[in-house]
Protein chains: 2
Amino acid sequence: MNLEELLKIESKLSAQKKLILNLIVTANRVNEELAEILKPFDISSQQFNVLRILRGQKGKPANLSTIQERMVNKMSNTTRLVDKLIDKKLCERIVCPANRRKVEITISENGLKLLSEIDPLVESFENSYAGKLSEEELNNLNIKLNELRS
Amino acid sequence: MNLEELLKIESKLSAQKKLILNLIVTANRVNEELAEILKPFDISSQQFNVLRILRGQKGKPANLSTIQERMVNKMSNTTRLVDKLIDKKLCERIVCPANRRKVEITISENGLKLLSEIDPLVESFENSYAGKLSEEELNNLNIKLNELRS
DNA sequence: GAGATTCATTTGTCTAAACAACATTTGTAT
DNA sequence: ATACAAATGTTGTTTAGACAAATGAATCTC
């Protein structure tokens with residue numbers, strides 16, 4: 001369905017306006033669907049994102065600024081986000097011995113286990129969602145999106 | 001900058017995974033920039049969105065469910081969002097005389113004036129942001145995004 | 001026309017986000 | 001050494017979001 005229909009917009013929008021709206025609306029839907037997938041596991045998409053970043057460290061601990069830099073949506077309060085994960089025993093935090101201002105955050109066994117349960121569900125969503133386009137179209141789309149962010 | 005660089009992801013992602021991340025990251029940046037533009041006017045992007053919907057009614061009042069249906073990000077609490085706009089005297093709400101369950105919400109003169117101040121700023125952002133791509137690329141991108149949402 | 005049902009919105013509550021202020025540790029220049 | 005600035009996180013506060021329950025008005029059924 002095109003944007004004008006979807007949002008019941010009567011006037012004709014410029015391609016530029018449409019792009020901005022399209023990006024926001026499309027990403028919102030994706031976020032909603034991801035949240036739905038994660039809900040049974042009692043974890044928000046932000047928390048899921050942090051867990052995946054921690055796993056990507058491959059055992060090496062991460063500090064808060066590293067996590068923040070890699071998060072898809074930079075949010076201000078990474079401390080409390082990590083607090084939640086610790087409450088759920090999905091990760092651990094110790095004060096960095098070399099520099100006591102820093103903290104070292106690592107994913108726990110529980111966290112890894114949870115991710116391994118969620119992974120296939122998310123992947124299957126990604127594939128079915130993106131499956132509406134061919135591999136070539138996807139590559140092209142990714143390139144254009146990269147250009148937009150430049 | 002491509003996604004892997006941006007998020008410091010070492011492993012190679014599938015085009016499908018990349019698309020999902022790209023959509024989320026790109027839309028987030030757009031939202032941040034829009035919020036930045038709106039900040040001096042002391043209005044959130046949700047509130048701005050509602051105001052534009054009301055203006056689109058061309059004098060015809062809108063009720064809450066109409067607004068909700070047209071919002072780019074469906075959020076649950078349109079009542080309180082409209083409350084904020086009323087506090088700022090940007091719109092008005094009366095009980096619908098024909099059906100007293102409904103409310104009739106209209107944009108005020110103030111609201112129209114505010115929009116007319118903000119419009120050129122948003123438009124100039126839209127044009128400069130989307131200006132990285134040609135008109136043809138934009139049209140193609142819009143089509144693909146529509147297909148993704150189908 | 002009394003009571004159930006549906007509709008449209010509001011309210012309550014709990015959790016998360018934005019933003020600023022604060023605290024602690026480290027680095028640097030004198 | 002000492003004082004000052006920068007780096008790194010944490011906490012506090014205010015505002016917004018999610019979701020469910022509640023309210024009040026209209027409609028439907030018998």
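Not measured: the values here are computed from a predicted model.
A:Val82 has its side chain out of reach of A:Val103: every pair of non-hydrogen atoms, C-beta onward, lies at least 4.5 Å apart. Proximity of B:Asp83 to B:Arg93: side-chain heavy atoms (C-beta onward) are separated by under 4.5 Å at one or more points. Side-chain atoms of A:Glu92 and A:Glu104, non-hydrogen and from C-beta on, never get closer than 4.5 Å to each other. Contact of the A:Leu3 side chain with the A:Ile9 side chain is not registered, since no non-hydrogen atoms from C-beta on lie closer than 4.5 Å. In this structure, A:Ile86 and A:Cys91 have side chains that are in contact, with non-hydrogen atoms separated by less than 4.5 Å. Side-chain contact between A:Leu23 and A:Leu148: present, with at least one pair of heavy atoms (C-beta onward) separated by less than 4.5 Å.
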N/O donor to acceptor pairs below 3.5 angstrom from side-chain atoms of residues 30-38 of chain B, sequence neighbours left out:
{"residue": "B:Asn31", "atom": "ND2", "partner": "B:Ala27", "partner atom": "O", "Å": "3.3"}

Report, one line per pair, each donor and acceptor closer than 3.5 Å where one atom sits in a side chain of residues 39-59 of chain A; sequence neighbours left out.
{"residue": "A:Ser44", "atom": "OG", "partner": "A:Gln47", "partner atom": "N", "Å": "3.1"}
{"residue": "A:Gln47", "atom": "OE1", "partner": "A:Lys88", "partner atom": "NZ", "Å": "2.6"}
{"residue": "A:Asn49", "atom": "OD1", "partner": "A:Val72", "partner atom": "N", "Å": "3.0"}
{"residue": "A:Arg55", "atom": "NH1", "partner": "A:Asp119", "partner atom": "OD2", "Å": "2.6"}
{"residue": "A:Arg55", "atom": "NH2", "partner": "A:Asp119", "partner atom": "OD1", "Å": "3.4"}
{"residue": "A:Arg55", "atom": "NH2", "partner": "A:Asp119", "partner atom": "OD2", "Å": "3.3"}
{"residue": "A:Gln57", "atom": "OE1", "partner": "A:Arg70", "partner atom": "NH1", "Å": "3.0"}
{"residue": "A:Gln57", "atom": "NE2", "partner": "A:Pro61", "partner atom": "O", "Å": "3.3"}

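Applying the 4.0 Å criterion to OP1 and OP2 of D:dG17, one finds that B:Gln46 has a side-chain N or O inside that range.
Among residues two or more places apart in sequence or in another chain, the salt bridge (charged side-chain N to carboxylate O under 4.0 Å, His left out) test is passed with A:Lys113 by A:Glu117. For B:Ser128, there are no side chain to side chain donor-acceptor pair (under 3.5 Å) partners, not counting sequence neighbours. By the side chain to side chain donor-acceptor pair (under 3.5 Å) test, B:Asn99 is found to be paired with B:Arg101, residues two or more places apart in sequence or in another chain being considered.
Scanning residues 77-99 of chain B for heavy-atom distances under 4.0 Å to DNA chain D yields B:Asn77, B:Arg80, B:Lys84, B:Asn99. Applying a 4.0 Å cut-off to non-hydrogen atoms, the residues of residues 49-72 of chain B that approach DNA chain C are B:Asn63, B:Leu64, B:Ser65, listed by residue number. Shown for residues 25-45 of chain B: residues whose heavy atoms fall under 4.0 angstrom of DNA chain C, namely B:Lys39.
Within the structure, salt bridge (Lys or Arg N to Asp or Glu O under 4.0 Å) pairs that include any residue of residues 140-150 of chain B comprise A:Glu137-B:Lys144 (at least two apart or interchain). Pairs engaging residues 12-29 of chain B under the salt bridge (Lys or Arg N to Asp or Glu O under 4.0 Å) rule: A:Glu123-B:Lys17, A:Glu126-B:Lys17, B:Glu4-B:Lys12, B:Glu4-B:Lys18 [sequence neighbours left out].
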Expected rows: protein N/O vs nucleotides 5-7 of chain C N/O, under 3.5 Å:
{"residue": "C:dC7", "atom": "O4'", "partner": "B:Arg101", "partner atom": "NH1", "Å": "3.2"}

Could you write out each protein N or O paired with an N or O of nucleotides 3-5 of chain D at a distance under 3.5 Å?
none

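Counting heavy-atom neighbours within 6.0 Å of A:Glu5 CD, excluding the residue itself, gives a total above 12.
The distance from atom CD of A:Glu136 to atom OG of A:Ser134, rounded to the nearest 0.5 Å, is 5.5 Å.
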